[in-house]
Amino acid sequence: MGNKRIIEVFIAGCSVCQPIIEIVQGMACSSCEVVVYDLSKPCETKECIQKAQQYGIKSLPSIAVNGVLLNCCQNSGISESELIKAGVGSAA
């Protein structure tokens, strides 16, 4: 058979993440290898944390396929400027 597709799912061990794992595992085919990294319980080797940093993951759950973070998971995450824009910290 051809190339394996590596699907890396990064989660936080929360109830929002579990359905994402189920969707990915349900859609995976014989050419797919699904790897789940639970960042709430980092692995001994710290590979999960290193990969999350390498991909620039800012929010969970996130998914990378063949070493590329999916577009839907590429956001800048929470930032001080976005909080200010939303009015956080202003008395009015």
Side-chain angles (χ1 to χ4, degrees):
M1 195 165 330
N3 297 331
K4 268 272 200 227
R5 183 174 299 107
I6 307 297
I7 304 165
E8 297 168 296
V9 182
F10 295 84
I11 63 166
C14 65
S15 61
V16 173
C17 296
Q18 190 57 42
I20 300 301
I21 296 169
E22 292 169 8
I23 289 169
V24 171
Q25 290 175 334
M27 293 179 69
C29 65
S30 60
S31 296
C32 297
E33 178 182 340
V34 178
V35 181
V36 177
Y37 294 111
D38 186 345
L39 298 179
S40 71
K41 303 177 218 164
C43 51
E44 277 187 35
T45 64
K46 305 294 185 222
E47 176 187 24
C48 50
I49 294 171
Q50 292 167 351
K51 284 187 172 274
Q53 291 172 341
Q54 173 189 340
Y55 295 143
I57 292 173
K58 303 287 187 217
S59 62
L60 299 173
S62 286
I63 299 172
V65 177
N66 290 339
V68 178
L69 190 62
L70 297 184
N71 285 337
C72 60
C73 303
Q74 294 180 12
N75 63 40
S76 58
I78 297 169
S79 70
E80 193 172 314
S81 62
E82 285 295 313
L83 291 170
I84 291 169
K85 194 186 313 182
V88 174
S90 68

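Considering all non-hydrogen atoms of both residues, Pro19 and Ser15 come closest at CD-O, 3.1 Å. The nearest pair of heavy atoms linking Ile6 to Glu33 is CD1-OE1, 3.4 Å. Scanning all heavy atoms of the two residues, the minimum distance from Cys17 to Ala12 falls at SG-N, 3.4 Å. When all heavy atoms of Thr45 and Gln50 are compared, the pair lying nearest together is O-NE2, 4.4 Å. Smallest separation of non-hydrogen atoms from Cys73 and Pro61: SG-O, 4.5 Å.
Linking ILVMFWY side-chain heavy atoms closer than 4.5 Å, directly or via other members, places Ile11 and Ile7 in a single hydrophobic cluster. Leu60 and Val9 sit in two unconnected hydrophobic clusters of ILVMFWY residues. Membership requires side-chain heavy atoms under 4.5 Å apart, directly or through other members. Criterion: ILVMFWY side-chain heavy atoms under 4.5 Å apart, direct or through other members. Under it, Ile57 and Val35 are part of a common hydrophobic cluster. Ile63 and Leu39 fall into different hydrophobic clusters, defined by Ile, Leu, Val, Met, Phe, Trp and Tyr side-chain heavy atoms under 4.5 Å apart, directly or through other members.
Every residue meeting the salt bridge (Lys or Arg N to Asp or Glu O under 4.0 Å) condition with Lys41, not counting sequence neighbours, appears here in chain and number order: Asp38.
When side chains are defined from C-beta on, Arg5 counts as touching Cys29, because their heavy atoms get closer than 4.5 Å.
Listed by first then second residue, pairs satisfying ring-ring contact (aromatic ring centres under 6.0 Å, His included) with a partner in residues 10-38 read Phe10-Tyr37, Phe10-Tyr55, not counting sequence neighbours.
Without hydrogens or angle criteria, Lys51 side chain to Lys46 main chain gives no donor-acceptor distance under 3.5 Å.
We find the NZ-CG distance between Lys4 and Asn66 to be 11.5 Å, quoted to the nearest 0.5 Å. Between atom NZ of residue Lys58 and atom CD of residue Gln53 there is a gap of 8.5 Å, rounded to the nearest 0.5 Å.
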